[in-house]
Amino acid sequence: MDKKFEALIDSAIEKFTMVGVEVKGVLVCDKNGLSLASKDVSISPGPTARLAELAASLSGRRTTVCLEHNEDQVLIQQTDKAVVSVYTKHAT
Amino acid sequence: MSSLVKVFDNVPDCVGYLIMNEEGSIEHSHGDLENNENAANLIYKMVLCAAKISVHPTEKMSFKRFTVSDDQYVYCISCASQRIYVAKRRQESSANA
């Protein structure tokens, strides 16, 4: 199970790298905010799942939340079963 | 007070904006977000949530601004001087279609 997650995370990172965006870490958690898999992330997911859920109810469609601070950003998206957070460097 | 509202004049493709205070009460609203208490409540809850999420994978760093985007609109949210500023903008792709 872990290996499958790792393979998925690696392929996602590769897709980002192909378009020139540097990925610093990926975190996958379930809808309750409990961590399922992570790569190079030491922060716990906490309110990430709640934020993704609120964003989905704001819009009614699939949404992506992007939190930014100078050059750092995290992209959060809710899929059917999990919430994925990707930590990247802001593409300027 | 009207000087606060002027910040949204130069936002391109803006279909609505909202200014709230730090307790979530609406101070100004316009366009799609005018009198939209549901959206305001959701956005306020999101700001409280987002404030606890770190932007960096290893260090604790909170956001300066955040956006919520779907295929049609983008909500751009930022905080300054004990106020929450929200701009709802049309996505580029839907404007060109």
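The closest donor-acceptor contact from the side chain of Ser57(A) to the backbone of Glu53(A) lies under 3.5 Å. Checking side-chain atoms of Ser81(B) against main-chain N and O of Arg83(B) turns up no donor-acceptor pair under 3.5 Å. Side-chain atoms of Thr17(A) come within 3.5 Å of backbone atoms of Ile13(A) as a donor-acceptor pair (strictly under, hydrogens ignored).
Ranked by heavy-atom pairs under 4.5 Å with chain B, the list Asn70(A), Val41(A), Leu67(A) is led by Leu67(A). Chain B forms the most heavy-atom pairs under 4.5 Å with one residue out of Ser42(A), Pro47(A), Cys66(A), Gly25(A), and that residue is Cys66(A). With chain B as the partner, the residue from Asp72(A), Val74(A), Ile76(A) showing the most heavy-atom pairs under 4.5 Å is Asp72(A).
Neither the backbone nor the side chain of Ser78(B) comes within contact range of chain A; no heavy atom of the residue lies under 4.5 Å from a heavy atom of that chain. Interface remark: Ile77(B) contributes no atoms to any contact with chain A (heavy atom separation under 4.5 Å). Only the backbone of Asp40(A) comes within contact range of chain B, with heavy atoms under 4.5 Å apart.
Taking a cutoff of 4.0 Å between a charged side-chain nitrogen and a carboxylate oxygen, Asp70(B) and Arg62(A) do not qualify as a salt bridge.
Within residues 33-42 of chain B, the residues that have a heavy atom under 4.5 Å from a heavy atom of chain A are Ala39(B), Leu42(B), listed by number.
Among residues two or more places apart in sequence or in another chain, the side-chain hydrogen bond (donor to acceptor under 3.5 Å, both in side chains) test is passed with Gln78(A) by none. Annotation: side chain to side chain contact (heavy atoms under 4.5 Å, CB included) contacts of His69(A) (sequence neighbours excluded): Val55(B), Met61(B), Lys64(B).
For the pair Phe66(B) and Ile53(B), the minimum side-chain heavy-atom distance is 4.5 Å or more.
By the 30° and 60° cut-offs, the orientation of the rings of Tyr17(B) relative to His30(B) is parallel.
Listed by first and then second residue, the salt bridge (Lys or Arg N to Asp or Glu O under 4.0 Å) pairs that reach into residues 46-61 of chain B come to none, sequence neighbours excluded.
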